[in-house]
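I have placed the structure first, in the form of structure tokens, so that the comments after it can refer back to it.
If you're wondering where the values come from, they're calculated on a predicted model, not measured in any experiment. Hydrogens, waters and symmetry mates play no part in the numbers below; they use all other heavy atoms, side chains included.
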Amino acid sequence: MSKLRVGILGATGMVGQRFISLLENHPWFEVVAVAASPRSAGKTYEEAIGDRWKMATPMPEAVKKMIVLNVNEVEAVASKVDFVFSAVDMTKDEIKAIEEAYAKTETPVVSNNSAHRWTPDVPMVIPEINPEHFEVIASQRKRLGTERGFIAVKPNCSIQSYTPALNALKEFGPKVVVATTYQAISGAGKTFKDWPEMIDNVIPYIGGEEEKSEQEPLKIWGKVEDGVIVKAEAPVITTQCLRVAVSDGHTAAVFVSFEKKPTKEQILKAWADYKGLPQELELPSAPKQFIKYFEEDNRPQANLDRNYENGMGVCLGRLREDRVFDYKFVGLSHNTLRGAAGGAVLNAELLTKLGYITAK
């Protein structure tokens, strides 16, 4: 098939840059439009970025001379693309409005933003866990009055380090979960160069993060009923979220009790055997082995393991019985790959394979 034409909304920010890096040689998608705020519009992408390129790999040649479009000129941007990835930096209400505006031009929107995560007819999907939630797009299209336009979102970056591990154990009925996340500075769109006060530091608060970490897994485990997603009632999840002096990779320390306590061997087998639709369909960005367990006591480590499966896998370790809960373990996921742009790209691949995203 010929490649689908992709636009990046918010292309100059850290997640926008990550989208551009990931899509450089993508077999299905080609970046044909980059859009950002009016202050960047009219410049070449290279000029608009200046010295703010935050990726470890060089800026792709194909985008350097692209003229940055004004993200607010919705019709103009939409006319050039088959679908868009959204990573705009605006207020929540502004993001909701602009993503719906793009959808109403019959342009599917695959969003990295949190604004629509709790819109009842917008699917919030980890492709290996709840791809059936894409069914709600039919109801969303009726509300928006569209035939092909819609919005789909990926969940918060921090929950990817433990939600897949718990999902693999659903047969045992996780009932109470305590998770403390240790979150990298790239989750705030920062590097140590532009956030030197994070060096040798831990900040015990990330605005809004604990509510997201406690509630978003429940929507992911919810059911589609009457054209909306109704969140699950269990397990009960409580979290604390800390910002730590790590460049990339969110770590979680997790404690869990079950309705039916499994053996350690049952847990390890469930993790090793776990796969989802992306693995079955062999999607381009899908990790071949979604969950990897480390036997070593000092793993997983952000510095060593965040790039497992090109940053799209989840690493677990230190599973052991607990005196208060049934078990405890440590999880790690790459927050700007699996947790942000990479997760959105995988969603777009699955949406394409399932026929929701097509050429205009």
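Panel note: side chain R243, backbone Y205; no donor-acceptor pair is recorded below 3.5 Å. One N or O on the side chain of W271 and one on the backbone of A165 form a donor-acceptor pair closer than 3.5 Å. In this structure, the side chain of Q160 does not engage the main chain of V314 through any donor-acceptor pair within 3.5 Å. With hydrogens and angles ignored, the 3.5 Å screen pairs a side-chain donor or acceptor of Q289 with a backbone N or O of A272. A distance-only check finds a donor-acceptor pair linking the side chain of Q17 to the backbone of T12 [under 3.5 Å]. With K80 contributing its side chain and V32 its backbone, the two residues share no donor-acceptor pair below 3.5 Å. The backbone N or O of Q183 lies less than 3.5 Å from no partner atom in the side chain of T181, so there is not a single donor-acceptor pair. The closest donor-acceptor contact from the side chain of Q240 to the backbone of E210 lies at 3.5 Å or more, if one exists at all. R141 contributes a side-chain N or O that, together with a main-chain N or O of R148, makes up a donor-acceptor pair within less than 3.5 Å. Checking side-chain atoms of K212 against main-chain N and O of S158 turns up no donor-acceptor pair under 3.5 Å.
A continuous path of ILVMFWY side-chain contacts below 4.5 Å connects W28 to L350, so both sit in one hydrophobic cluster. Cluster annotation: I129 is connected to V122 through the hydrophobic network of ILVMFWY side chains, with a link wherever side-chain heavy atoms come within less than 4.5 Å. In this structure, M55 is a member of the same hydrophobic cluster as L23, with clusters built from ILVMFWY side-chain heavy atoms closer than 4.5 Å. A continuous path of ILVMFWY side-chain contacts below 4.5 Å connects L281 to L4, so both sit in one hydrophobic cluster. In the hydrophobic clustering of this structure, V178 does not group with L332; members are Ile, Leu, Val, Met, Phe, Trp, Tyr whose side-chain heavy atoms approach within less than 4.5 Å, directly or through other members.
For E24, the CD atom is densely surrounded, since the number of other residues' heavy atoms within 6.0 Å is greater than 12. Annotation for D322: atom CG counts as buried by contact number, over 12 foreign heavy atoms lying within 6.0 Å. Counting non-hydrogen atoms of neighbouring residues, nucleotides and ligands closer than 6.0 angstrom, the CD atom of E282 reaches no more than 12 such neighbours. Within 6.0 Å of CD in E280 there are more than 12 heavy atoms belonging to other residues, nucleotides or ligands. K261 NZ: more than 12 foreign heavy atoms inside a 6.0 Å radius. In this structure, E233 places its CD atom where only 12 or fewer heavy-atom neighbours from other residues, nucleotides or ligands lie under 6.0 Å away. Counted within 6.0 Å of NZ on K353, heavy atoms from surrounding residues, nucleotides or ligands total 12 or fewer; the atom is thus considered open. Counting heavy atoms of neighbouring residues, nucleotides and ligands inside a 6.0 Å radius, atom CG of N70 exceeds 12 of them.
Pairs passing the salt bridge (charged side-chain N to carboxylate O under 4.0 Å, His left out) check and including a residue from residues 38-62, sequence neighbours excluded, read E46-K65, K54-D194, E61-K64.
Rounding to the nearest 0.5 Å places CE of M312 at 12.0 Å from CG of N307. The OG1 atom of T336 sits 5.0 Å away from the CG atom of D248 when rounded to the nearest 0.5 Å. Interatomic distance, CG of D121 versus OG of S139, reported as 7.0 Å (0.5 Å rounding). Rounding to the nearest 0.5 Å gives a distance of 7.0 Å between OG1 of T146 and CD of Q140. Taking CG of L351 as the reference point, atom CD1 of I357 lies at 4.5 Å (rounded to 0.5 Å). To the nearest 0.5 angstrom, L268 atom CG is 10.5 Å from D273 atom CG.
Between E197 and K190 there is no salt bridge, since no side-chain N of the basic residue sits under 4.0 Å from a carboxylate O of the acidic one. A salt bridge links E128 with R338: the distance from a Lys NZ or Arg NE/NH1/NH2 to an Asp or Glu carboxylate oxygen falls below 4.0 Å. Comment: D82 engages R5 in a salt bridge, judged by a side-chain N to carboxylate O separation of less than 4.0 angstrom.
Heavy atoms only, all atoms of each residue included: I291 and A168 are closest at CD1-CB, 4.4 Å. Taking all atoms of both residues into account, the shortest heavy-atom contact from P278 to L346 is CB-CD1, 4.2 Å. When every heavy atom of A341 is checked against every heavy atom of R18, the shortest pair comes out as CB-CG, 3.5 Å. Heavy atoms only, all atoms of each residue included: W195 and A188 are closest at CZ3-CB, 3.9 Å.
Using a 30° and 60° split on the angle between ring planes, Y327 and F258 fall in the perpendicular class, above 60°. Ring geometry for Y45 versus W53: interplanar angle over 60°, hence perpendicular rather than tilted (30 to 60°). Ring-plane geometry between F19 and F85 is classed as parallel, the angle between the planes falling under 30 degrees on a 0 to 90 degree scale with a further cut at 60.
Ring centroids of F83 and F29 are separated by less than 6.0 Å, placing the two rings close together.
Between N347 and P127, the closest side-chain pair of non-hydrogen atoms falls below 4.5 Å. Annotation: side chain of T251 is not in contact with side chain of S333 (no heavy-atom distance under 4.5 Å). Between P235 and W221 the shortest side-chain heavy-atom distance falls below 4.5 Å. Counting only heavy atoms from C-beta outward, the side chains of S186 and H334 never approach each other to under 4.5 Å. Proximity of I229 to M124: side-chain heavy atoms (C-beta onward) are nowhere separated by under 4.5 Å. Between T119 and V153, the closest side-chain pair of non-hydrogen atoms is not below 4.5 Å. Inter-residue side-chain proximity for P164 and F290 is flagged as met; some heavy-atom pair is nearer than 4.5 Å. The closest side-chain heavy-atom distance from Y102 to V74 is below 4.5 Å.
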So F294 and D305, side-chain contact (heavy atoms from CB on, under 4.5 Å) or not? Walk me through it.
CA-CA 10 Å; F294 288 88; D305 303 313; 3.4 Å; yes
R299 and R318: side-chain contact (heavy atoms from CB on, under 4.5 Å), yes or no, with the steps?
CA-CA 7 Å; R299 304 282 286 277; R318 301 206 69 211; over 6 Å; no
Using side chain to side chain donor-acceptor pair (under 3.5 Å), reason through E209 and N156 one step at a time and then give a plain yes or no.
CA-CA 8 Å; E209 200 75 4; N156 192 42; 2.9 Å; yes
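Residues T107 and K360 bring a donor and an acceptor atom of their side chains to less than 3.5 Å of each other.
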